[in-house]
Asker: 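Pasting a structure below so you can have a look.
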Amino acid sequence: MKIAQNSSPRQWGLALKLGLLMLVGTTLIFGCVFAYNYSNSRRLIFEKVQENARHLTLATLSRIESTLIAVEKQPLFMARLIEEDHPTREELLLMGRNAVLANPEIYGSIFAFEPHGYEKGKEYYAPYHYREGDKTKLVWFGSADYHYFNLDWYMIPRELNRPIWTEPYFDEGGTEKLISTFSVPFYRQVKGKKTFWGVVTADIELDWLARLVDSVKVLKTGYAFLISQNGVFVTNPMKDLVMRESIFDRAEEENDLELRRLGRDMVRGGEGFYRYYSRYLNKPCWMYYAPLHTTGWSLVVVFPEDELFADLHQLSRRVAGMGALGFAGLIFMALVMMRRLVKPIAWITNLADQMASGDLGGAMRNMETFERDTARLTTREYSRLARSFISMTRSLYALIGQVRQSGVQVTETSAEIAASARQLEVTAAEQAASTQEVSKTSRGISSRSQALVTTMKEVSAVAAHTAELAGRGRSGLENMEAGMQKLIQATSAISSRLSAISEKAVSIGSIVKTINKVADQTNLLSLNAGIEAEKAGEYGLGFSVVAREIRRLADQTAQATKDIRRMVDEMHGAVSSGVMEMDKFVEQVRQGGEDVSRINGQLGEIIGQVRCLTPQFDAINNDMQAQSAGAEQISEAMDQLSLAAGQIKDSLQEFNRVTQHLNGAAQGLAQEVARFRVDG
Amino acid sequence: MLQILFYIGDERYALDSRDVAEIVPLVHFKEIPRAPDYVLGVFLYRGVVTPALDLCRLAGKPRCRNLMSTRIILVHYPVREGQTRLLGLVAERVTDTAYRTEGQVASPGVAAKDAPWLGGVASDSRGLIQAVRVGQLLTDDVRAILFPEEGAPS
């Protein structure tokens with residue numbers, strides 16, 4: 001919708017606001033009605049359900065009860081018969097058999113007499129008939145192992161002197177079935193006094209009862225069960241519980257105090273309707289319990305809660321669905337109404353928006369459509385608003401047209417003045433700029449000349465330093481050259497001495513050779529002397545010793561000369577290689593000397609050239625300084641000129657600013673007016 | 001008994017000093033053509049032309065080297081009963097003598113058929129020394145070449 005077009009996000013449309021208000025109100029009312037309806041229906045339905053449950057339970061009870069009363073009649077009748085007729089043995093057996101055959105509910109029947117009661121000397125007399133298929137069977141009860149006198153069905157009626165239903169039990173004596181017995185005492189007159197004589201019973205099979213209770217259908221998954229006077233389960237869909245556990249065991253096991261209280265109420269013969277959690281169905285349930293007056297047992301009927309309240313839930317769903325449908329219709333109608341209510345306002349708003357944005361021409365063109373649309377309005381307030389809006393728009397359109405024309409004239413005049421002033425200012429600025437340019441250039445020349453002078457001074461200093469260093473290097477080289485000359489002389493002396501040693505070694509060699517020869521001769525001489533001495537026999541003995549000694553000396557001499565010779569050879573070799581090394585060294589030293597001399601010469605040349613440079617540097621330096629001073633003077637003159645030009649420029653700028661101000665005012669007016677496009 | 005010791009190759013041999021006349025340095029020999037290679041030739045000893053043998057060659061080894069200790073041993077070679085002629089024997093390292101009794105010389109044990117001049121063997125700390133028999137040095141035909149005027153030996 002267009003109405004919300006120019007609003008900030010927090011401002012909601014009128015239609016939305018009204019719609020929301022209506023929706024909230026309706027929702028609240030509907031919610032209240034629904035809640036009231038639900039709780040009321042729930043209460044009514046619950047009451048009805050409880051009534052139904054009670055009826056169902058009592059109906060079931062009366063079915064069971066009628067059967068049990070039918071069972072009770074038979075032993076009561078038989079007891080009266082025995083007390084009054086004292087039947088014979090055959091009559092008694094026939095009666096028992098017929099009682100079982102005639103009553104399908106009765107499973108078995110017994111006549112049990114006091115010890116020695118029926119016949120003197122016969123301690124036990126207890127014929128028991130029970131059903132097997134279509135026929136009956138007879139068992140005689142009573143033996144040393146089976147004292148029926150102490151059993152419940154015999155003992156309790158004797159003590160209480162009235163008929164009773166026993167607790168369910170397994171009949172160990174005969175049939176091994178789970179049964180419950182209705183036991184009626186009968187009496188005889190002994191010495192004018194009524195004395196207990198025995199009991200007659202009717203047994204019912206609990207399977208039969210369980211079938212009966214289980215056949216009770218409660219809703220979809222509900223069920224019923226029976227508990228005995230002690231709270232023991234007589235029937236239960238959970239077969240494990242039957243005759244094994246009591247309702248109190250369950251309460252103990254689940255730690256449910258409420259269930260225990262209910263159990264006590266049931267055993268007392270109470271009646272009630274309670275909510276509890278069923279372990280069997282695993283969901284919350286309601287139970288209705290009522291006593292079975294004949295046996296003192298209680299029937300409990302269990303109703304699953306969800307099924308009990310199924311109708312209520314269905315009703316609630318329907319009501320909610322209808323509510324939602326109505327709600328949707330309501331929203332639709334509200335939206336339609338809102339649109340119609342808001343539409344004229346939207347029209348006016350659109351037109352006003354168009355005017356605010358300056359499109360007066362567009363607004364005037366749309367005016368005709370608007371007039372046609374608003375003519376159809378049925379609301380008096382809206383049509384008055386539309387008429388006044390139309391006349392206001394027309395007046396505004398005329399006014400803006402006039403203002404606009406005046407503004408254009410003012411703007412043109414002011415623009416012309418501004419243009420002339422700007423022209424003048426530009427010229428002044430150019431002049432100032434040129435002057436500044438010249439000044440800057442001459443200052444640059446001056447500073448560069450100064451820098452050059454400094455550099456020249458530095459170069460001059462460096463050249464002087466170089467000349468000094470070269471001079472120092474040269475004196476060092478001269479010293480070196482002298483040292484080299486001395487070295488050459490010394491090595492020559494060593495070389496010549498080595499040569500002398502070498503010659504001496506050669507002469508030693510020849511002397512050694514001579515000595516060697518002499519030693520050889522001596523050896524030969526001594527050999528021959530030895531031979532001669534041998535020939536001289538005894539006289540030559542002393543001579544022979546002398547000859548031997550001489551030979552030994554000669555041998556030693558030869559050995560010694562051999563050593564000398566070896567040493568002299570080694571010395572000769574060493575000296576020769578020494579001489580060679582020396583020659584090489586002398587050559588290198590000589591080479592070094594030459595290099596030093598050459599470097600010395602080159603250094604001398606450098607020094608000479610550097611010395612020549614210095615006076616030239618001084619001349620250049622002087623010229624440079626003169627140039628720098630001249631440039632500085634030019635720069636100063638130019639600065640003054642530039643200052644003057646700047647002042648002119650400032651004045652012009654001031655003028656220009658004033659003109660611009662005027663122009664700005666005129667343009668501002670024009671702009672304001674231009675917003676309203678009259679031509680469109 | 002004094003023995004003159006010398007070397008043939010690396011082995012030591014000995015001559016009885018009674019057979020030795022003198023030991024002299026090596027000289028130049030005049031060759032005798034067509035003589036066996038161990039005959040070095042002849043030389044003048046105190047005016048007498050004397051033949052000389054190279055013991056190294058005689059023993060089947062290379063010629064004796066020309067060393068300072070390679071000398072000529074002049075021996076009395078028996079040519080006839082009671083008569084001897086001088087014969088030069090060139091050997092290496094003729095520089096030493098040794099005293100030996102007859103009992104210290106053992107039989108050689110083996111006898112080379114072509115070298116009947118090898119005699120008994122003695123030993124000292126440096127090894128074995130074999131004696132050389134002067135009388136057996138020359139075969140008949142060589143003796144005929146060297147001493148032709150003496151005729152056949154007795």
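On a predicted model such as this, the values are computed, not experimentally measured, just so you know. Every chain is numbered from 1 and lettered A, B, ... according to where its sequence line falls, protein lines coming before strand lines. The figures here come from the full heavy-atom set of this structure, side chains too, leaving out hydrogens, waters and symmetry mates.
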Asker: What distance separates B/I4 CD1 from A/I531 CD1, expressed to the nearest 0.5 Å?
Answerer: 4.0 Å
Asker: Under the side-chain contact (heavy atoms from CB on, under 4.5 Å) rule, collect the residues that match up with A/K513, sequence neighbours excluded.
Answerer: A/R565
Asker: Determine the minimum heavy-atom distance between A/L527 and B/R71, stating which atoms define it.
Answerer: CD1-NH1, 3.8 Å
Asker: Step through the shown structure and confirm whether more than 12 heavy atoms of other residues, nucleotides or ligands are within 6.0 Å of CE on A/M580.
Answerer: no
Asker: Search all heavy atoms of A/N516 against all heavy atoms of B/M68 and return the closest pair with its distance.
Answerer: O-SD, 4.4 Å
Asker: Which one, B/I23, B/V20, B/V94, B/D96, leads in non-hydrogen pairs under 4.5 Å with chain A?
Answerer: B/I23
Asker: Once rounded to the nearest 0.5 Å, what's the spacing between atom CZ of A/R548 and atom OH of B/Y99?
Answerer: 5.5 Å
Asker: Return yes if some donor-acceptor pair links the side-chain N/O of A/N528 with the main-chain N/O of B/E22 below 3.5 Å, else return no.
Answerer: no
Asker: Take atom CG in B/D114; do more than 12 heavy atoms of anything else shown fall under 6.0 Å from it?
Answerer: no
Asker: Is it the case that the side chains of A/R551 and B/T97 hold a donor-acceptor pair, with the cut-off being a distance below 3.5 Å and no angle test?
Answerer: yes
Asker: Can you tell me if B/D10 has over 12 outside heavy atoms packed within less than 6.0 Å of its CG?
Answerer: no
Asker: Which heavy atom of B/A21 sits nearest a heavy atom of A/K535, and at what distance?
Answerer: O-NZ, 3.3 Å
Asker: Where on A/S544 is there a heavy atom nearer than 4.5 Å to chain B: the side chain, the backbone, both, or neither?
Answerer: side chain
